[in-house]
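Here's the structure, in structure tokens; my notes come after.
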Amino acid sequence: MYKKVNLVFGSSGLIGKSFKKVLKKDKNYIFFSKNTKNFLKYDLNKSLKNFPYKKVEKCFFFASPRILNKNLKKKIFSQEYIWLKNVIKNIDIKQIIYLSSSSVYYKKNHVIGSTKKRCEDLIIKNKKKFDNYQIWRPFNLVGSCYYPSDHFLNILFKKMFVEKKNSYSFKGNDNDMRGYSSVDEFVTIMLKYSNTKKSFLKDFGNIKLNKLNEIIKLFNIYYFKLNKKHFKFNFLSKKKNINKIKLNSKNIYSKGDTIKILKIYLKNSINDKKM
């Protein structure tokens with residue numbers, strides 16, 4: 001018999017924290033993390049032989065090494081595939097919801113994208129083990145506050161407001177375009193769809209794009225208020241890149257406005273750092 005319980009692996013990351021906030025105090029969800037005391041501690045590198053939940057309704061799998069350059073250099077992102085394989089093998093799951101990434105669309109040997117694609121394929125290969133599966137590929141999610149990672153937005157905030165640098169050279173091109181979405185909006189939509197009994201693979205993102213130099217100009221407004229000078233920047237690539245979700249009837253689109261979302265991110269982050 002299935003326990004009326006839902007498991008969440010990878011609770012200490014951006015998605016996991018937002019997920020817990022949206023759910024509030026719902027006791028039907030049990031949150032696991034190997035790093036944070038705020039959640040039940042469990043290391044997916046270890047055996048699941050003595051794991052207390054062997055049959056569950058839903059499993060939300062957000063577990064992944066944090067996107068940091070030091071982790072990219074260590075080549076540890078393949079661990080995510082091992083963790084997922086271990087969970088699928090040892091836990092009887094009625095519905096699995098997997099957090100993939102838009103990085104699956106990057107070049108073939110992209111460190112993160114290739115692992116995410118392997119994980120997607122693993123779930124689809126084992127689809128008969130579940131009543132249904134749901135795979136999400138979100139584009140450019142933003143939390144309500146600064147979160148240490150090596151995504152462009154968090155690098156930008158770190159250089160300007162944490163390290164308090166006067167200038168910096170970024171990878172990419174200043175005309176690169178991004179559409180950012182609120183992580184809370186995404187999580188709310190993901191939770192809603194998890195209550196349906198359908199298998200799917202969907203992208204989620206914002207089709208309203210802004211250039212990176214426009215985003216830095218926004219950040220510079222707040223930087224100038226604090227420092228009475230502007231942050232200087234340049235980009236190292238001459239090749240323009242557009243990271244955009246495709247128009248497709250199967251995909252889900254954010255209703256947010258990038259600039260408004262980033263203003264909330266900036267205000268909360270600056271207040272959090274007591275700047």
Side-chain angles (χ1 to χ4, degrees), residues 1-68 70-72 74-101 103 111-112 115-127 129-138 141 143 147-150 183-184 186-187 190-191 193-195:
M1 182 177 177
Y2 286 88
K3 292 184 178 180
K4 294 292 183 179
V5 70
N6 306 302
L7 305 182
V8 182
F9 290 108
S11 303
S12 61
L14 180 68
I15 306 295
K17 288 180 178 178
S18 173
F19 201 64
K20 187 169 178 59
K21 180 175 72 174
V22 169
L23 283 167
K24 297 180 180 178
K25 295 182 179 180
D26 192 326
K27 294 182 179 180
N28 291 319
Y29 291 81
I30 301 176
F31 292 80
F32 291 93
S33 174
K34 70 172 184 177
N35 297 320
T36 308
K37 294 180 180 178
N38 296 333
F39 308 103
L40 292 179
K41 192 169 183 178
Y42 203 92
D43 187 349
L44 288 175
N45 288 310
K46 297 179 180 179
S47 171
L48 287 168
K49 184 178 180 180
N50 297 318
F51 191 72
Y53 303 97
K54 291 295 185 180
K55 291 186 176 184
V56 300
E57 289 284 332
K58 299 178 184 179
C59 176
F60 292 83
F61 195 92
F62 307 146
S64 181
R66 186 172 293 190
I67 299 176
L68 298 169
K70 64 179 182 180
N71 287 341
L72 289 169
K74 291 179 182 177
K75 299 180 180 180
I76 64 172
F77 282 92
S78 59
Q79 289 180 352
E80 181 177 342
Y81 176 83
I82 298 170
W83 298 340
L84 179 61
K85 188 175 181 180
N86 195 24
V87 166
I88 291 174
K89 181 180 178 181
N90 292 283
I91 303 175
D92 192 352
I93 302 166
K94 290 189 75 172
Q95 181 189 45
I96 188 165
I97 298 94
Y98 174 66
L99 182 70
S100 186
S101 165
S103 61
V111 175
I112 300 170
T115 296
K116 291 289 187 182
K117 187 63 172 64
R118 285 184 71 203
C119 289
E120 291 180 2
D121 293 343
L122 178 67
I123 290 171
I124 295 170
K125 181 181 177 181
N126 288 276
K127 63 183 179 180
K129 293 191 70 174
F130 320 114
D131 284 3
N132 63 81
Y133 66 86
Q134 298 181 358
I135 298 172
W136 290 92
R137 295 170 173 173
L141 297 178
Y147 176 79
S149 77
D150 285 331
V183 66
D184 291 346
F186 168 67
V187 163
M190 178 173 59
L191 185 60
Y193 271 88
S194 74
N195 294 322

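We use all heavy atoms of the structure for the numbers below, so side chains are in, but hydrogens, waters and symmetry mates are not. In this text, all values refer to a predicted model and were calculated from it rather than measured experimentally.
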### Query
Hey, does the side chain of Lys41 reach the backbone of Phe32 with a donor-acceptor pair shorter than 3.5 angstrom?
no
### Message
Which residues pass the side-chain contact (heavy atoms from CB on, under 4.5 Å) test with Lys20, not counting sequence neighbours?
### Response
Phe31, Phe39
### Query
Angle class for the Phe9/Phe61 ring planes (parallel below 30°, perpendicular above 60°, tilted otherwise)?
tilted
### Query
Within the side chain of Asn126, is there an N or O that forms a donor-acceptor pair under 3.5 Å with the backbone of Leu122?
yes
### Message
Ring-plane angle category for Phe60 and Phe62, please: parallel below 30°, perpendicular beyond 60°, tilted otherwise.
### Response
tilted
### Message
Could you walk me through whether Ser33 and Ser12 satisfy the side-chain hydrogen bond (donor to acceptor under 3.5 Å, both in side chains) test, starting with their C-alpha distance in whole Å, then the side-chain angles of each, then the deciding distance to 0.1 Å, before giving a yes or no?
### Response
CA-CA 6 Å; Ser33 174; Ser12 61; 3.0 Å; yes
### Nearest heavy-atom neighbours spanning Leu48 and Lys54
O-NZ, 2.7 Å
### Message
For Lys117 and Ser100: C-alpha separation, side-chain torsions, deciding distance, then whether side chain to side chain contact (heavy atoms under 4.5 Å, CB included) applies.
### Response
CA-CA 8 Å; Lys117 187 63 172 64; Ser100 186; over 6 Å; no
### Message
Under a 3.5 Å distance rule, please check whether Lys17 uses its side chain to pair with a backbone N or O of Ser11 as donor and acceptor.
### Response
no
### Query
Going through the distances and angles, do Asn6 and Lys94 end up as a side-chain hydrogen bond (donor to acceptor under 3.5 Å, both in side chains)?
CA-CA 10 Å; Asn6 306 302; Lys94 290 189 75 172; over 6 Å; no
### Message
Run Ile88 and Ile123 through side chain to side chain contact (heavy atoms under 4.5 Å, CB included) and show every step you take.
### Response
CA-CA 8 Å; Ile88 291 174; Ile123 290 171; 4.1 Å; yes
### Summary
When every non-hydrogen atom of Gly143 is compared with those of Leu14, the smallest separation belongs to CA-CD1, 3.7 Å
### Message
I'd like to know if the side chain of Lys116 reaches the main chain of Leu99, judged simply by a donor and an acceptor atom lying under 3.5 Å from each other, with no hydrogens or angles considered.
### Response
yes
### Message
Measuring from atom OG of Ser103 to atom CZ of Phe77, what distance do you get when rounded to the nearest 0.5 angstrom?
### Response
9.5 Å
### Message
For a quick check under 3.5 Å, do Ser64 and Glu80 share a side-chain donor-acceptor pair by atom type?
### Response
yes
### Query
Between Asn132 and Gln95, is any side-chain donor less than 3.5 angstrom from a side-chain acceptor?
yes
